[in-house]
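Just below is one structure, and these are the notes that go with it.
The chain is numbered in sequence order, starting from 1. As the structure is a computational prediction, the values presented were derived from the model and not from experiment.
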Amino acid sequence: MKPLKRKEYEDLLEPLQVELAAMSRWLRHAGKRLLVIFEGRDTAGKGGTIGAIADRLNPRLCRVVALPKPSEREDTQWYFQRYVPHLPAGGEIVLFDRSWYNRAGVEKVMGFATDAQVKAFLKQAPVFEQQLVDDGI
C-alpha cells in the first residue's frame, strides 16, 4: 500500500471530521457521553489520530486524557480510581491516550505490577467496563 499524499489524506479526513462534529453536537443535545480508548505502542500513530479527531471538535466538549506515571498516593488506591475523575460528563467526549490496560501489558512486562495485581486487574476490568456501559458511557 502506497502512502497517501497530504492532500489526499486531508480530502479523506474532512468528511469524517464533519461527521464527528455532528456526532459531538448530538451528544451534547442528548446529554450522552462517549469514551474512546486509544491503545498501541509508542510511535504507533495514536497521537496523530487523537489530534485528527480533537482538532475539529469544541475543546469544551472533547478532552484528551494522557495520564502520567501514577503518583505514590495513586499507587495506594484502587487501580481504576485514577481514571474515574476523567470520565466524560453529559455531552462530552473523552479520548484516552492509553488506559487501564497498561496494568496487564506494560506494567506486567516492566515489573511495575505484581502477579497478584495483574490477576486482580484481569478480574476487575470486565466488571468496571460493564459498569461504564450500564451507566450509558
Side-chain angles (χ1 to χ4, degrees):
M1 177 188 280
K2 70 177 187 139
L4 290 175
K5 302 254 189 254
R6 185 69 166 165
K7 176 75 170 121
E8 291 173 301
Y9 168 76
E10 290 171 355
D11 288 346
L12 291 169
L13 185 60
E14 185 177 3
L16 299 173
Q17 289 174 323
V18 168
E19 194 64 32
L20 280 167
M23 181 191 64
S24 177
R25 287 189 300 275
W26 174 82
L27 284 169
R28 183 174 181 203
H29 175 75
K32 301 292 184 182
R33 299 168 288 163
L34 179 64
L35 174 64
V36 182
I37 299 171
F38 291 85
E39 294 290 347
R41 298 175 59 140
D42 289 344
T43 71
K46 294 181 308 294
T49 303
I50 291 169
I53 291 171
D55 282 350
R56 297 294 177 106
L57 297 176
N58 182 335
R60 290 186 205 116
L61 304 176
C62 179
R63 293 183 288 116
V64 177
V65 176
L67 297 178
K69 178 182 177 210
S71 67
E72 286 184 34
R73 183 173 189 276
E74 288 171 329
D75 276 339
T76 67
Q77 296 174 338
W78 173 52
Y79 183 73
F80 295 96
Q81 189 170 340
R82 70 189 301 243
Y83 294 94
V84 171
H86 302 285
L87 295 174
E92 288 183 340
I93 299 170
V94 172
L95 309 173
F96 268 119
D97 186 345
R98 294 221 172 107
S99 72
W100 45 85
Y101 296 115
N102 279 338
R103 172 59 46 117
V106 174
E107 291 182 20
K108 178 179 173 36
V109 171
M110 300 298 290
F112 299 144
T114 66
D115 287 341
Q117 288 172 320
V118 173
K119 184 177 179 180
F121 168 81
L122 292 173
K123 184 178 177 184
Q124 294 175 3
V127 176
F128 176 64
E129 291 171 346
Q130 188 61 58
Q131 289 174 327
L132 296 178
V133 171
D134 291 347
D135 200 55
I137 295 177

Practice problem: With sequence neighbours left out, write down each residue that passes side chain to side chain contact (heavy atoms under 4.5 Å, CB included) with Lys32, or none if nothing qualifies. | Solution: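 Applying side chain to side chain contact (heavy atoms under 4.5 Å, CB included) to Lys32 gives Trp26, Leu27, Ala30.
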
Quiz item: With sequence neighbours left out, what residues match Glu92 under side chain to side chain contact (heavy atoms under 4.5 Å, CB included)?
Solution: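 For Glu92, the residues satisfying side chain to side chain contact (heavy atoms under 4.5 Å, CB included) (neighbours in sequence not counted) are Arg63, Pro88, Ala89.
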
Look up atom [atom1] in [X] and atom [atom2] in [Y], then write down how far apart they are to the nearest 0.5 Å.
X	Y	atom1	atom2	answer
Tyr83	Ile37	OH	CD1	9.5 Å
Leu87	Phe96	CG	CZ	5.5 Å
Leu61	Ser24	CG	OG	5.0 Å

Side chains of [X] and [Y]: closer than 4.5 Å at any heavy-atom pair?
X	Y	answer
Phe38	Ile53	yes
Val84	Phe128	yes
Gln117	Tyr79	no

Quiz prompt | Backbone N/O of Gly40 and side chain of Lys46: donor-acceptor pair under 3.5 Å | solution =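 At least one qualifying donor-acceptor pair exists.
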
Practice problem: Just jot down the side chain to side chain donor-acceptor pair (under 3.5 Å) partners of Ser99, sequence neighbours excluded, or say none. | Solution: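 Checked Ser99 against side chain to side chain donor-acceptor pair (under 3.5 Å); matches are Glu39.
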
Quiz item: Counting only heavy atoms not in Arg98, do more than 12 fall under 6.0 Å of its CZ?
Solution: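 Above 12, so yes.
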
Quiz prompt | Over 12 non-hydrogen atoms of neighbours within 6.0 angstrom of CZ in Arg56 | solution =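 No, CZ of Arg56 has 12 or fewer neighbouring heavy atoms, counting only those of other groups under 6.0 Å.
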
Please list, one pair per line, the donor and acceptor atoms closer than 3.5 Å that link side chains of residues 10-23 to other protein atoms, with sequence neighbours excluded.
| residue | atom | partner | partner atom | Å |
| --- | --- | --- | --- | --- |
| Glu10 | OE2 | Arg6 | NE | 3.3 |
| Asp11 | OD1 | Lys7 | NZ | 2.9 |
| Gln17 | NE2 | Ala52 | O | 2.9 |

Quiz item: Please, which pairs that meet salt bridge (Lys or Arg N to Asp or Glu O under 4.0 Å) have at least one residue in residues 102-118, sequence neighbours excluded?
Solution: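 Sorted pair list: Arg103-Glu107, Lys108-Asp115.
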
Exercise. Over all heavy atoms of both residues, which pair between Glu74 and Pro70 is shortest? Give the atoms and the distance, please.
Key: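 Reported closest heavy-atom pair: OE1-CA, 3.3 Å.
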
Exercise. Indicate the atoms forming the closest heavy-atom contact of Val118 with Ala104, along with that distance.
Key: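 Smallest interatomic distance, heavy atoms only, reads CG1-CA, 4.4 Å.
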
Joint hydrophobic cluster, [X] plus [Y], side-chain heavy atoms closer than 4.5 Å:
X	Y	result
Val36	Leu57	yes
Leu34	Val65	no
Leu95	Phe80	no

Exercise. If a pair satisfies side-chain hydrogen bond (donor to acceptor under 3.5 Å, both in side chains) and one of its residues is in residues 123-136, list it, with sequence neighbours excluded.
Key: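 Listed by first then second residue: Arg33-Asp135, Trp78-Gln124, Trp100-Glu129, Tyr101-Glu129, Gln130-Asp134.
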
